[in-house]
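Remarks on the structure that follows.
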Amino acid sequence: DIGCGYGASTIMMAQAFPTASFVGYDYHADSITEARTRAQAAGLGDRVRFEVASADSFAGDGYDLVTTFDALHDMGDPVGAAQHVRRSLADTGTWMVVEPMAGDHVQDNLNPVGRAYYGFSTLLCTPASLSQDVGLALGTQAGPARIRDVVTQGGFTRFAKVAETPFNQVFEIRP
Ligand SMILES: C[S@@+](CC[C@H](N)C(=O)[O-])C[C@H]1O[C@@H](n2cnc3c(N)ncnc32)[C@H](O)[C@@H]1O
């Protein structure tokens with residue numbers, strides 16, 4: 001689970017899939033400390049661990065599933081992250097990317113949710129990306145076409161939007 005933050009999604013996945021093991025990675029050390037505390041409190045034992053690592057250099061290979069929840073657009077180098085996920089994933093594996101709901105054009109996003117997201121993007125997500133190497137600054141409202149472009153540059157060939165809510169959209173990405 002790349003860009004796992006406090007590990008909320010990692011812990012939920014471990015609870016939902018009791019025979020699977022999960023690793024959460026985030027480049028922010030204090031978040032990883034909190035994630036470890038939460039996993040211990042949830043009693044998940046050694047099926048879940050958390051490590052400080054950047055999206056373009058986390059450890060391991062042959063993963064069946066890589067997930068990125070609301071984090072790809074925060075990264076400085078999402079193309080580099082996509083290349084690294086591609087290297088780390090089993091050939092039969094899937095990368096699930098959850099991103100804020102957005103269309104491909106500004107006019108698609110001129111609604112209450114899009115307006116709030118443009119605010120978060122300006123004050124938080126875009127500065128976070130710009131503070132890192134490359135600084136691609138996708139922002140929260142990149143839209144499916146731009147996300148597809150990023151992961152295709154990273155070496156993936158299959159891309160589908162598989163779910164959406166008013167707040168999020170889910171992409172299934174495969175080698
Ligand atoms: C909006 S938070 C989402 C956290 C978590 N996935 C969740 O849904 O609660 C974005 C996360 O991406 C992490 N992040 C940003 N750039 C990163 C990078 N290059 N490598 C790893 N993590 C990164 C941040 O530290 C932050 O925890």
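Each ligand, and each atom within it, is numbered from 1 in the order the structure gives. The model shown is predicted, which means the values in this text are computed figures rather than measured ones. Position 1 is the first residue of the sequence; numbering continues from there.
Under a 4.0 Å N-O distance rule, the pair Asp91/Arg86 qualifies as a salt bridge. Between Glu172 and Arg174 there is a salt bridge, since a side-chain N of the basic residue sits under 4.0 Å from a carboxylate O of the acidic one.
The shortest separation from a heavy atom of Cys4 to ligand 1 is under 4.0 Å, placing the residue in contact.
Using cut-offs of 30° and 60° for the angle between ring planes, the Trp95 and Phe156 rings count as tilted. Classified by interplanar angle (parallel below 30°, tilted 30° to 60°, perpendicular above 60°), the ring pair Tyr25/Tyr63 is perpendicular.
With distances taken over non-hydrogen atoms, the option nearest atom 2 (S) of ligand 1 out of Asp70, Thr10, Ile2 is Asp70. Counting heavy atoms only, Asp74 comes closest to atom 10 (C) of ligand 1 of the residues Asp30, Asp74, Thr67.
With a heavy-atom cut-off of 4.0 Å, Ala53 touches ligand 1 through its backbone alone.
The shortest contact between atom 23 (C) of ligand 1 and any protein heavy atom is with Tyr27 CD2, 3.5 Å. For atom 7 (C) of ligand 1, the nearest protein heavy atom (residue, atom name, distance) is Phe69 O, 4.2 Å.
A donor-acceptor pair under 3.5 Å links the side-chain atoms of Thr157 to the main chain of Pro175, judged by distance alone.
A continuous path of ILVMFWY side-chain contacts below 4.5 Å connects Met96 to Phe22, so both sit in one hydrophobic cluster.
Near Met75, meaning under 4.0 Å from any of its heavy atoms, are these atoms of ligand 1: 16 (N), 17 (C), 18 (C), 19 (N). Each of the following atoms of ligand 1 lies closer than 4.0 Å to a heavy atom of His28: 25 (O).
Ligand 1 has a nitrogen or oxygen under 3.5 angstrom from a nitrogen or oxygen of Asp26. Between Ser31 and ligand 1, no N or O atom pair is found at a separation short of 3.5 Å. Close N/O approach between Ala8 and ligand 1 is not found [any backbone or side-chain N/O within under 3.5 Å].
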